[in-house]
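Beneath this line is the structure, given in structure tokens, with notes to follow.
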Amino acid sequence: LDVEPNRIKAKINEIRSRYQSDTEFQKALSQQGLTQADIELKLTEQLLMYNIIELKVKSKIVINPAEVTDFYQKNLGKFITSEERQATLITIETQKLADDVYSDLKRPLDFDSVAKKYSLSTSKLSAQRNKELKKDIEETIFKLNIQEISPPIKINDSFYIFRLDNIVVPRQENLSEVQERIYAFLFETKMQEGLANWLDELKKK
């Protein structure tokens, strides 16, 4: 098994690109007691290792469609979407302006018209429980009914007003939607098992 020199060169260039100049790159290597030759040797060993694993383990893994279908049927509960809340929001810089905007929205006036009146822009937001949103924003959105407007809430140095536009209820995902995820999971599982077994054989030898 060989490693193509171009692959090593590409990896070195990738590492070097993280520094502003070649001088800084060489300085960083020196501070770690390394030379570029050391890095090239380490990369060569790593790529050889990947090539061997590809040959001895990865290339022998087969996932057939029946396995994917069987996993799906036995784990239907894992493939139910979370409830999603779709909202429109206005971002406001001051408490006074946020109160004025909220007062207009309670009359009620059209959300976009009020935003336009105060030269504010609106944006869309989709939220699911326990995802990437800040907890106070998530809690605010999940307390609203459709078309209900939230009071201004302060996050860091800005104020936000939300209108809930739609609720997408949980549903069962079909096999065609999740088969790639299942395939990737089964492949990774077999990969780890195959790697462990292969290493065990090497230790025995």
Side-chain angles (χ1 to χ4, degrees), residues 14-20 24 28 61 63 65-193:
E14 180 186 329
I15 297 170
R16 186 185 283 112
S17 68
R18 300 170 194 166
Y19 298 86
Q20 293 183 350
E24 286 194 15
I61 296 174
I63 307 294
E67 290 179 90
V68 175
T69 302
D70 185 59
F71 185 89
Y72 174 74
Q73 294 293 346
K74 291 179 178 178
N75 296 276
L76 289 174
K78 294 182 179 181
F79 304 110
I80 298 175
T81 63
S82 301
E83 179 183 308
E84 181 181 319
R85 298 277 175 126
Q86 299 172 344
T88 302
L89 66 109
I90 300 176
T91 305
I92 309 163
E93 296 302 318
T94 67
Q95 176 76 67
K96 172 67 169 61
L97 182 56
D99 292 339
D100 291 342
V101 171
Y102 185 57
S103 295
D104 280 358
L105 289 170
K106 285 195 298 183
R107 291 187 194 179
L109 294 177
D110 179 75
F111 204 77
D112 293 319
S113 297
V114 172
K116 187 175 180 180
K117 173 183 175 181
Y118 292 97
S119 299
L120 300 169
S121 60
T122 62
S123 54
K124 299 293 185 179
L125 178 71
S126 294
Q128 294 179 346
R129 285 285 190 188
N130 303 315
K131 294 294 183 180
E132 298 176 355
L133 288 181
K134 288 181 175 290
K135 199 66 180 176
D136 34 10
I137 293 179
E138 180 185 292
E139 290 301 324
T140 297
I141 292 175
F142 275 83
K143 286 178 182 177
L144 296 175
N145 296 314
I146 292 181
Q147 295 302 309
E148 186 178 358
I149 307 293
S150 76
I153 64 169
K154 185 177 182 181
I155 307 291
N156 298 327
D157 296 324
S158 298
F159 296 85
Y160 298 87
I161 296 176
F162 298 89
R163 180 192 67 199
L164 183 63
D165 299 325
N166 188 34
I167 299 175
V168 181
V169 299
R171 65 176 182 83
Q172 180 72 56
E173 294 178 284
N174 59 49
L175 178 58
S176 63
E177 292 177 279
V178 300
Q179 60 186 4
E180 288 188 10
R181 275 186 280 157
I182 296 174
Y183 178 90
F185 174 78
L186 293 177
F187 190 95
E188 180 63 24
T189 301
K190 287 191 177 184
M191 179 72 182
Q192 294 302 323
E193 291 174 353

Taking every non-hydrogen atom, the tightest pair across [X] and [Y]:
{"X": "Pro170", "Y": "Ser82", "result": "CG-C, 4.3 Å"}
{"X": "Val169", "Y": "Thr81", "result": "O-OG1, 4.1 Å"}
{"X": "Ala98", "Y": "Pro152", "result": "O-CG, 3.7 Å"}
{"X": "Gln86", "Y": "Leu164", "result": "O-CD1, 3.5 Å"}
{"X": "Ile90", "Y": "Ala115", "result": "CD1-CB, 3.9 Å"}
{"X": "Phe142", "Y": "Arg129", "result": "CB-NH2, 3.3 Å"}

I'd like to know if the side chain of [X] and the backbone of [Y] have a donor-acceptor N/O pair within less than 3.5 Å.
{"X": "Asp70", "Y": "Ala66", "result": "no"}
{"X": "Ser158", "Y": "Ile155", "result": "no"}
{"X": "Asp165", "Y": "Thr88", "result": "yes"}
{"X": "Ser150", "Y": "Phe162", "result": "yes"}

Rounded to the nearest 0.5 Å, what separates atom [atom1] in [X] from atom [atom2] in [Y]?
{"X": "Thr94", "Y": "Asp157", "atom1": "OG1", "atom2": "CG", "answer": "12.0 Å"}
{"X": "Leu89", "Y": "Ile161", "atom1": "CG", "atom2": "CD1", "answer": "10.0 Å"}
{"X": "Phe111", "Y": "Gln147", "atom1": "CZ", "atom2": "CD", "answer": "10.0 Å"}
{"X": "Leu125", "Y": "Arg85", "atom1": "CG", "atom2": "CZ", "answer": "12.0 Å"}
{"X": "Thr91", "Y": "Leu120", "atom1": "OG1", "atom2": "CG", "answer": "8.5 Å"}
{"X": "Ile141", "Y": "Tyr160", "atom1": "CD1", "atom2": "OH", "answer": "11.5 Å"}

Using a strict cut-off of less than 4.0 Å between a Lys/Arg side-chain nitrogen and an Asp/Glu carboxylate oxygen, indicate whether Glu138 and Lys143 qualify as a salt bridge.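 Not counted as a salt bridge, because no side-chain N and carboxylate O are separated by less than 4.0 Å.
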
In terms of side-chain geometry, is the basic nitrogen of Asp110 or Lys116 positioned less than 4.0 Å from the acidic oxygen of its partner?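 Here Asp110 does not pair with Lys116 in a salt bridge, since their nearest N and O are not under 4.0 Å apart.
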
Exceeds 12 heavy-atom contacts within 6.0 angstrom, atom [atom1] of [X]:
{"X": "Lys135", "atom1": "NZ", "value": "yes"}
{"X": "Glu148", "atom1": "CD", "value": "yes"}
{"X": "Gln172", "atom1": "CD", "value": "yes"}

Under the side-chain hydrogen bond (donor to acceptor under 3.5 Å, both in side chains) test, residues paired with [X] that sit two or more places apart:
{"X": "Tyr19", "result": "none"}
{"X": "Ser176", "result": "Asn174"}
{"X": "Gln95", "result": "Asp99"}

Does any part of the side chain of [Y], heavy atoms only, come nearer than 4.5 Å to the side chain of [X], both counted from C-beta?
{"X": "Tyr118", "Y": "Ile92", "answer": "no"}
{"X": "Glu83", "Y": "Ile167", "answer": "yes"}
{"X": "Lys78", "Y": "Arg181", "answer": "no"}
{"X": "Ile63", "Y": "Ile182", "answer": "no"}

Audit row: Ile153, Glu139, side chain to side chain contact (heavy atoms under 4.5 Å, CB included) steps and yes/no: CA-CA 11 Å; Ile153 64 169; Glu139 290 301 324; over 6 Å; no

Hey, can you tell me if Phe79 and Phe71 have their rings parallel, tilted or perpendicular (30° and 60° cut-offs)?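 The arrangement is perpendicular - the two ring planes meet at more than 60°.
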
